[in-house]
Amino acid sequence: MKVHVLQHVPFEGIGSMTSWLSARDAGVTYSRFYESAFLPDPESLDLIIAMGGPMSVNDEASFPWLAKEKQFVRDAIQRGLPVIGICFGAQLIASALGARVYPNSEKEIGWLEIEAIPGTNNEYRFPEKISVFHWHGETFDLPVGATRLAKSAACANQAFQVGERVIGLQFHLETTPESLDLIINNCREELIEAAYVQTESSMRAASSSEYANINRLMEDILSFVMRQG
């Protein structure tokens with residue numbers, strides 16, 4: 001299995017996904033846009049994972065590689081490749097497919113609940129309700145043809161699916177205690193008191209079972225987009 005990761009900042013890596021990929025002897029390559037804007041030929045890949053980042057997908061003037069990255073994602077989806085987008089990565093998929101990305105009415109930072117949207121057998125099904133880790137201030141309209149999979153009290157579009165093998169997640173199921181520590185240390189200035197922004201101590205108080213729950217869900221989504229038939 002050849003997996004390519006689109007990584008936008010050094011402190012937002014693939015977290016718990018490492019175990020799932022290692023168990024399948026996956027060859028993992030990276031576009032680390034903070035170092036180089038190199039992108040491979042999508043035809044050589046089996047899975048693309050687009051990670052998070054503090055920038056906006058609308059910031060093409062500041063990050064000129066964004067236009068090529070969106071084209072890369074669009075090409076991959078058109079070829080039928082499995083693509084998973086996480087936070088900024090989900091916004092990237094939405095933008096690449098022509099949907100609007102814009103500031104949400106509320107920032108969501110911390111362990112907050114999402115709620116599943118009932119669907120059909122062709123769509124990924126989230127648990128009815130589950131607490132997941134968030135760190136975002138923007139949201140998106142659903143791309144044409146996409147199905148909404150989850151919502152929250154503060155954000156209507158938390159997850160979506162395009163076709164059978166493309167899923168965008170506004171939240172971070174790959175979070176581990178180590179990756180949480182990295183994002184807090186690099187983005188602590190965003191922890192301004194608000195309705196859906198938790199304190200640093202509250203975020204760090206998450207139990208091992210909370211991490212295990214979201215990490216299992218992340219692995220389930222990886223298996224879902226990689227299923228055959």
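Just so it is clear, the values below take in all heavy atoms, side chains as well, and ignore hydrogens, waters and symmetry mates.
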Heavy-atom pair with the smallest gap, counting every atom of [X] and [Y]:
X	Y	result
A146	F160	CB-CD1, 4.1 Å
E106	A195	OE1-CB, 4.3 Å
L112	Y196	CD1-O, 3.5 Å
A94	P143	CA-CG, 3.8 Å
I48	L81	CD1-CD1, 4.1 Å
Q91	E138	NE2-O, 3.4 Å

Evaluate the side-chain proximity of [Y] to [X]: yes if any heavy-atom separation is below 4.5 Å, no if none is.
X	Y	answer
V5	T29	no
I93	F140	no
T175	I214	yes
M218	L169	yes
S56	S62	no
I117	L149	no
I114	P127	no
C87	E174	no

Please assess E60 against E69 for the test side chain to side chain contact (heavy atoms under 4.5 Å, CB included), listing each intermediate value before the final yes or no. CA-CA 10 Å; E60 291 187 14; E69 186 183 18; over 6 Å; no

Going by the side-chain contact (heavy atoms from CB on, under 4.5 Å) test, name the single residue among I221, I86, V162, V83 that passes it with I167. I221

In Å and rounded to the nearest 0.5 Å, what is the [atom1] to [atom2] distance from [X] to [Y]?
X	Y	atom1	atom2	answer
T147	N122	OG1	CG	9.0 Å
H136	C155	NE2	SG	4.5 Å
H4	L39	NE2	CG	6.0 Å
F72	L66	CZ	CG	14.0 Å
I84	L6	CD1	CG	12.0 Å
N185	R188	CG	CZ	5.0 Å

CA sep, side-chain torsions, deciding dist, call: L191, V197, side chain to side chain contact (heavy atoms under 4.5 Å, CB included): CA-CA 7 Å; L191 298 180; V197 177; 4.2 Å; yes

Quick one, M226 with D46, criterion side chain to side chain contact (heavy atoms under 4.5 Å, CB included). Give me CA distance, side-chain angles, the key distance, then yes/no. CA-CA 8 Å; M226 293 303 295; D46 299 306; 4.3 Å; yes

Parallel, tilted or perpendicular, judged at 30° and 60°: which one describes the rings of W65 and F33?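 Ring orientation of W65 relative to F33: parallel.
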
Test item: side-chain donor near acceptor, [X] and [Y], under 3.5 Å:
X	Y	result
Q158	E115	no
N104	E108	no
E113	S152	no

Using the side chain to side chain donor-acceptor pair (under 3.5 Å) rule, take N215 and E219 through it: C-alpha gap first, then chi angles, then the decisive distance, then the call. CA-CA 6 Å; N215 294 167; E219 292 192 355; over 6 Å; no

Backbone N/O of [Y] and side chain of [X]: donor-acceptor pair under 3.5 Å:
X	Y	answer
E12	V9	no
R24	L21	no
S202	Q198	no
S95	L92	no
R148	N157	no
N58	Y102	no
R165	V225	yes
D59	M55	no
S16	T176	no
W111	M203	yes

Candidate pair H134 and H172, rule side chain to side chain contact (heavy atoms under 4.5 Å, CB included), full reasoning: CA-CA 6 Å; H134 303 253; H172 294 266; 6.0 Å; no

Is the gap between the ring centers of F133 and Y211 under 6.0 Å?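 Centroid separation for F133 and Y211: 6.0 Å or greater.
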
Between Y34 and H8, does the ring centroid distance fall short of 6.0 Å? no

Just checking [X]: does its [atom1] atom have more than 12 heavy atoms from other residues, nucleotides or ligands closer to it than 6.0 angstrom?
X	atom1	result
Q78	CD	yes
K70	NZ	yes
E193	CD	no

Please step through salt bridge (charged side-chain N to carboxylate O under 4.0 Å, His left out) for the pair R100 and D141, ending with a clear verdict. CA-CA 5 Å; R100 188 170 64 107; D141 293 335; 3.4 Å; yes

